[in-house]
Each structure stands twice: as structure tokens, then as C-alpha cells.
Amino acid sequence: MMKRIIVLLACAKMCCALFANEAGVGASSEAVEKSPDFQNHLIPNVSLTVVQTDDKDYLFNPSGGVQFMRIKTGQVDSWQPDFFSVNANYGQYKFTQGIGSDKDKNFYEFDLTGNAVWGKNTFVAIFGSGGYVNDFKASLLTGAFIYNRQFIKTKHVTFEAGCGISIGDTGEKIEGVEIWAMPVITLGLKFDSEYFQAYTGFMGAPVLNFTVMPNSIVRLKASASLTGTDSIRDVVFDAAVVCSPFKYTKLGENITVSSGLMHSKSKVAYDVKEKYGIHYFTAYGEIDAKLLTLRAGYNFGGEWIHKKDVTGDMKNGLFASASVKYCF
């Protein structure tokens, strides 16, 4: 449950970043006068990830979603939020040779996230579910409500903090009573300068993102988060050298190429305690053209996981992913 909340909170943070960028575009008085009071955007997306787990065994992860955003761009006096978004996503995990004792092949994951910003205050609501496609279980439903507030904002430093509650079957008991709700604490510290940008915080678990030389043609980008506390396998990361070959042309940052290394972990569940998964490292190359993103590489050092235990080694193999999104 906590991993899902971390991922969805990260998505909400990216929405807020986009909101900040959009607001910055209309900074001049002339731009404000010409722009409408609100901008509405609809952003559909589809993606497919393929991981080779054995000589003739693959994991396919197709997914799709849609996001609606409403951004206040003018100086209108309105009770409506400065930024509002709703994001719905659905994906499946398809194992060609099955997983678990019954060799089941198809699992699903669904999430719905709402995000609203009024000045320094941010509200996030999350709902999600996942499991075996032919056996829906209410115990696998999860949800959370988070309130976050910005306390410090200077030229280089931003600090925010918040709290909330997550709801779902944790599989834990206290004196025989099942625990269905847990507090969630959020902390965030952002540093922004010409040569270094970083964000570190606690969103149910520690996260870290940073970029070295963010305004140069070639830069280093990295992100990491903790998805559990069982072992070092719970640390997932993505680090890459990114190049913008057309930075000083009309294309600007719309096309980038990258080379990197990542550690990924995927889990599927029959119920709260019966979970299977894989983790693996991937050396990859990527082309990001905003509308279309392609990534391909080679995975290695992977393992199969049942609950908290390693049950076997994954064979090295190919990795590929493609995603398409468009903003209306």
C-alpha cells in the first residue's frame, strides 16, 4: 500500500511543478492581459513496458490513463483553486508463463488521484486498487488524503510539510485488532540554483531527486526512493546522463537523449499477504520527444520475490518501453 501512495504522491508533485511552470510563462503584464483567467488541459497517455525474465518468458505491462488540469493564469478574484487536476490510470501485468503456485498470468492496477492548490496549501486525495484480474478483493483497495503547506520560499530554497491518513488493509494487527488506517507525514525540501537542483523529502518513505548542471546541454539527473524496509532491494533508482542536442534551436528541450542505469521493482498481489514480484537492474538508452518517449536496454541482476523472500534468479534479457501522451 505504501509503495502505491509514494508513486501517486510523486505524480501529484509533478503536477504542482507543471502548474508552477505554467504560471511562470505568464509572468509579464502583457502576457497576463492576453491570457484567459483559466486554462483547461486534457492529457491522455498510453504506455507499454516489456521485460524479458527468461529465454521464453516475458512480463508485459500495458497501461493507459487520462488527466484533466485546470490552471488559473490571470489575476481573477475567484474561489476556484489556483491549480486542480484529476488523474486516472489503469494498467495490467501479464506474465507469459505465469507467476505463483497456480501460474496466473494477468494482474491489474488502478489509481485515481485528485490534486488542488490554493496559494501555499495543497490537498491530495488518492484511491487505488490492484490484484488478480479474475478475483477482485475489497481488501486490496487503498486510499489516502493528504494536506501539505509551503512554509518557506526563497530564491533558492523551498520547504513544505504536511500530514494525512492512508486507509487500507495493512495486514497488521495490534492486540488482535486489524489496522486499517495509518498516519502519513510529508516533508519536502527543494533547492534550486543555476548549477544544481535537488528535492528531498518524506512522502510515506524517503525520496531524493537531483539534477547537476540543469541548464547545460549535458546534465546528470537521478532519482531514488524507498519502497519498503525488507532489504536493499527496496531501494529503487534511476540515474542518467541527459543531452539536449537542439537546446539552442527552435526545438529547445523538446527532444532529449539519455543513457542511464535504473533499478526497478514490480509487485502483484493475490491478497494483502500473498504478494509476488521481481526486481532488476537495467542499463538503457532513451529518446524523449515529449509526445513520444522510447527507452530500450538490457536487464541484469534480477530476482523473483515471494512475500519478503527471494525464490530464484531472473535471467538477463531485453528491456523496452514506449509511451505516448498529448496535451489538448
Side-chain angles (χ1 to χ4, degrees), residues 5-45 64-89 111-128 143-165 184 186-193 197-201 203 207 209 211 214-215 252-254 288 290-291 323-328:
I5 291 173
I6 295 169
V7 172
L8 297 181
L9 281 173
C11 292
K13 293 296 295 181
M14 286 189 290
C15 289
C16 291
L18 178 60
F19 159 62
N21 291 337
E22 291 285 351
V25 171
S28 69
S29 59
E30 181 180 357
V32 170
E33 291 176 0
K34 292 182 179 180
S35 64
D37 293 333
F38 292 91
Q39 289 184 0
N40 297 320
H41 299 286
L42 190 66
I43 309 173
N45 67 87
V66 62
Q67 181 181 19
F68 171 77
M69 293 194 306
R70 182 172 174 83
I71 304 169
K72 184 188 292 185
T73 59
Q75 300 299 320
V76 60
D77 183 14
S78 172
W79 61 270
Q80 297 185 49
D82 303 326
F83 172 83
F84 173 77
S85 76
V86 177
N87 192 7
N89 292 283
D111 61 73
L112 179 66
T113 305
N115 188 27
V117 178
W118 277 275
K120 297 181 179 181
N121 304 296
T122 301
F123 299 86
V124 181
I126 300 167
F127 172 78
F145 181 80
I146 310 293
Y147 167 71
N148 202 65
R149 180 172 176 81
Q150 183 185 96
F151 290 97
I152 299 173
K153 184 173 178 60
T154 67
K155 180 179 179 181
H156 298 296
V157 177
T158 302
F159 174 75
E160 56 191 17
C163 62
I165 186 171
V184 176
T186 66
L187 295 171
L189 179 63
K190 181 180 178 181
F191 178 80
D192 191 347
S193 72
Q197 294 177 345
Y199 175 87
T200 184
M203 296 184 291
V207 297
N209 305 314
T211 303
N215 299 314
E253 296 279 354
N254 288 318
D288 185 354
K290 302 304 179 185
L291 175 66
S323 63
V324 179
K325 61 181 177 182
Y326 188 79
C327 182
F328 292 97

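For the single chain, residues carry numbers from 1 onward in sequence order.
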key: Nearest heavy atoms of Y147 and T186, plus distance in Å   = O-OG1, 4.5 Å
request  = Can you sort out the partners of Q80 under side-chain contact (heavy atoms from CB on, under 4.5 Å), two or more places apart, ordered by chain and number?
outcome  = F38, R70, S78
remark   = Shortest non-hydrogen pair, Q67 vs N87, comes out as CB-OD1, 3.7 Å
inquiry  = According to ring pair (Phe, Tyr, Trp, His ring centres under 6.0 Å), who are the partners of F68, at least two apart in sequence or on a separate chain?
reply    = none
request  = Report yes if some heavy atom in the side chain of V184 is under 4.5 Å from a heavy atom in the side chain of I146; otherwise report no.
outcome  = yes
ask   = Between H41 and C327, which heavy-atom pair has the shortest distance, and what is it?
value = ND1-SG, 3.4 Å
task = Output the distance between atom CD1 (I71) and atom CG (D37), rounded to the nearest 0.5 Å.
result = 13.5 Å
task = Could you list the residues that satisfy side-chain contact (heavy atoms from CB on, under 4.5 Å) with C163, not counting sequence neighbours?
result = I185
message = Can you tell me how far apart OG1 (T200) and CG (L189) are? Round to the nearest 0.5 Å.
response = 7.0 Å
message = Any non-hydrogen side-chain atom of M69 less than 4.5 Å from a side-chain atom of F84?
response = no
Those residues that, when tested against Y326, pass ring pair (Phe, Tyr, Trp, His ring centres under 6.0 Å) (two or more places apart) = F328
query = Are any side-chain N or O atoms of T211 and backbone N or O atoms of P214, one a donor and one an acceptor, separated by less than 3.5 Å?
reply = no
request  = Enter the distance from F127:CZ to T113:OG1 here, rounded to the nearest 0.5 Å.
outcome  = 11.0 Å
query = Which heavy atom in V66 sits nearest to a heavy atom in N45, and how many Å separate them?
reply = N-ND2, 4.1 Å
Side chains of N115 and T122 in contact at under 4.5 Å (non-hydrogen atoms) = yes
note = Between the NZ atom in K153 and the NZ atom in K190, the distance rounded to the nearest 0.5 Å is 6.5 Å
task = Compare every heavy atom of W118 with every heavy atom of W79, then report the nearest pair and how far apart it is.
result = O-NE1, 3.0 Å
key: Interatomic distance, N215 atom CG to E253 atom CD [nearest 0.5 angstrom]   = 8.5 Å
Heavy-atom closest contact (L187 atom, A161 atom, distance) = CD2-CB, 3.6 Å
task = Check each of D192, V207, T158 against Y199 using the side chain to side chain contact (heavy atoms under 4.5 Å, CB included) test, and report the only one that passes.
result = V207
request  = Could you please spell out the steps behind the side chain to side chain contact (heavy atoms under 4.5 Å, CB included) verdict for F83 and K72?
outcome  = CA-CA 6 Å; F83 172 83; K72 184 188 292 185; over 6 Å; no
key: Results of side-chain contact (heavy atoms from CB on, under 4.5 Å) for A88 - residues two or more places apart only   = L112
message = Could you measure the distance from the CG atom of N148 to the CD atom of E160? Nearest 0.5 Å is fine.
response = 4.5 Å
query = What pairs with F151 under ring pair (Phe, Tyr, Trp, His ring centres under 6.0 Å), at least two apart in sequence or on another chain?
reply = none
